[in-house]
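Quick notes on the structure that follows.
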Amino acid sequence: MFNFDFYNPTQILFGQGQIAAITPLVPAGARVLMLYGGGSIKRNGVYDEVKAALSGHTVIEFAGIEPNPHYETLMKAVDIVKAENIDFLLAVGGGSVIDGTKFVAAAAQHDGDPWLILEKGGKTITSALPFGAVLTLPATGSEMNAASVITRAATQQKRAFMHRAVFPKFSVLDPSKTFTLPLRQVGNGVVDAFVHTMEQYMTYPVDAPLQDRWAEGILQTLVEQGPRTLAEPENLDVRANIMWCATMALNGIIGVGVPQDWATHMIGHELTALYGLDHAQTLAVVLPGILGVRRDAKRAKLLQYAARVWNITEGGEDERIAQAIERTRGFFEQMGVKTRLSDYGLDGGAIDAVVARLVEHRMVKLGEHRDVDADASRAALELSR
């Protein structure tokens, strides 16, 4: 196991009725900017509950944060923060809203061009406004981590940053608030959490059995509970398990002391930036291809994954690995997320464009061994063509 430095200060309020519990967690006298997306929170009751919890505070609202939040939109929120002397932010929505709020929190206190936050991966951040979150869409784990991904629409650039200053102070996870989600978003969320786990698990062994079993537990739970969210959309216990899986998949705990991959995400980001695919859709396309191309480098963990997650124990090693990859692709399809570029109307020209962007953005040393170059990325996409 590698050395590690683990830190996660986010307070989690889990379960029904927990929105009301945020009242004492927002500093008295704080001027609050409440950030949200397209307005679904006004249809599912979340908006009214949040406003009631903040009734003792001055609250200004900022709506319209997009899926794959746009830098241009978020800079408008930064202007409001400065003009209105905001000193606390509250993200109400899914991972995109929380990601966007992290950027606003950092950009509002950033010296110089805020785009540098993204260009430098968060290294130029020195401080950020405090913020909390009310999660409505389990998927990204942004509610309990210090990472964010932002898109600059004008240049079709998608960039990530991390910094400990942008951990949420608290996050509310009420699984009953996910009942009104479209099933497409439910399926996307399950796939997102699954691939987040795989990026930290599917590398090579370093004698970290606890991290492996945590990760395998998340994967097994998603495989078991994911299809139930589609078949039993009003089952609160199922929704609760999926919500907690998505948070645990990317709050840092399964990634400590182990190598991590993230090539699937880097390739997927370019697909989203160029063609507007949902984040989870890109992951469902890219991961099976990456597993196929990297099957030799990942052989030990692929065999472990086949046995422990899919109960594949018979046949030769190559056969078991092939079955595990196909079971993975099949699971994504079962969740309603297509796994071929052709399913999204994309062909070889899209592969050329994505690879060109990876080269342009110097994403040519990806993966846990930093040996996923442009050719390997192309081969992975070809396997999912």
Side-chain angles (χ1 to χ4, degrees), residues 68 71 115 118-123 147 149-162 191-192 194-196 198-204 255 258-302 318 321-322 324-326 328-329 332 337-385:
N68 302 303
Y71 173 82
W115 181 247
L118 298 159
E119 283 287 353
K120 302 295 184 181
K123 293 179 181 178
V149 182
I150 306 298
T151 298
R152 191 164 194 167
T155 55
Q156 293 183 310
Q157 292 172 281
K158 191 168 182 177
R159 293 286 184 271
F161 74 92
M162 296 183 67
V191 170
D192 204 355
F194 193 97
V195 180
H196 284 161
M198 290 287 278
E199 295 277 33
Q200 300 162 86
Y201 166 77
M202 184 51 63
T203 55
Y204 56 89
V258 299
Q260 300 186 26
D261 186 343
W262 300 105
T264 293
H265 272 70
M266 296 303 100
I267 299 168
H269 285 172
E270 301 299 349
L271 274 169
T272 294
L274 286 169
Y275 300 107
L277 273 65
D278 295 346
H279 178 56
Q281 291 173 336
T282 72
L283 302 181
V285 167
V286 178
L287 180 66
I290 283 288
L291 296 181
V293 169
R294 307 299 295 154
R295 65 173 61 209
D296 289 336
K298 297 178 181 290
R299 177 170 291 267
K301 290 302 277 288
L302 275 167
D318 289 341
I321 288 171
I325 295 171
E326 283 310 304
T328 305
R329 189 185 292 276
F332 296 162
V337 186
K338 298 298 183 180
T339 62
R340 301 283 182 183
L341 288 170
S342 57
D343 294 323
Y344 303 101
L346 301 177
D347 57 17
I351 295 175
D352 292 340
V354 169
V355 173
R357 290 295 291 267
L358 289 168
V359 172
E360 177 186 346
H361 296 151
R362 293 179 289 183
M363 296 291 181
V364 292
K365 293 183 179 180
L366 303 175
E368 64 270 28
H369 295 295
R370 300 295 179 260
D371 56 358
V372 178
D373 58 13
D375 289 341
S377 295
R378 179 183 295 279
L381 291 169
E382 288 286 354
L383 284 178
S384 292
R385 187 165 176 177

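Source: prediction; values computed, not measured. Residue indices begin at 1 and follow the sequence shown.
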Any sub-3.5 Å donor-acceptor pair from [X]'s side-chain atoms to [Y]'s backbone N or O?
X    : Y    : value
R329 : T339 : yes
E368 : Y204 : no
K158 : V149 : no
Q200 : H196 : yes
Y344 : K338 : yes
T272 : L277 : yes

Once rounded to the nearest 0.5 Å, what's the spacing between atom [atom1] of [X] and atom [atom2] of [Y]?
X    : Y    : atom1 : atom2 : result
I325 : R295 : CD1   : CZ    : 4.5 Å
E382 : D375 : CD    : CG    : 11.5 Å
D278 : L271 : CG    : CG    : 12.0 Å
K301 : L291 : NZ    : CG    : 12.0 Å
L366 : I290 : CG    : CD1   : 8.0 Å
Q157 : W115 : CD    : CH2   : 5.0 Å

- [ ] Determine whether H361 and R159 make a side-chain contact, defined as any pair of heavy atoms from C-beta on separated by less than 4.5 Å.
- [x]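 The answer is yes; the side chains approach within 4.5 Å.
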- [ ] Kindly indicate whether the side chain of V195, heavy atoms from C-beta on, has any atom under 4.5 Å from the side chain of E199.
- [x] yes
What are the two closest non-hydrogen atoms of [X] and [Y], and how far apart are they?
X    : Y    : value
H369 : A297 : CD2-CB, 4.5 Å
D192 : A280 : N-CB, 4.3 Å
L346 : A350 : CB-CB, 3.8 Å

Result block: side-chain N/O donor-acceptor pairs under 3.5 angstrom for residues 352-360, not counting sequence neighbours:
unit_1	atom_1	unit_2	atom_2	d
D352	OD1	R378	NH1	2.7
R357	NH2	Q156	O	2.3

TODO: Could you pull out all residues at least two apart from D371 that satisfy side chain to side chain donor-acceptor pair (under 3.5 Å)?
DONE: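 Listed in chain order: R294.
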TODO: Return yes when atom CZ of R362 has more than 12 non-hydrogen atoms of other residues, nucleotides or ligands closer than 6.0 Å, and no otherwise.
DONE: no
Open item on the list: side chain to side chain contact (heavy atoms under 4.5 Å, CB included), that's the test. Do V258 and T203 meet it? Break it down for me.
Closed with: CA-CA 9 Å; V258 299; T203 55; 5.6 Å; no
Donor-acceptor pairs under 3.5 angstrom involving side-chain atoms of residues 282-289: please list them, not counting sequence neighbours.
unit_1	atom_1	unit_2	atom_2	d
T282	OG1	H279	O	2.7

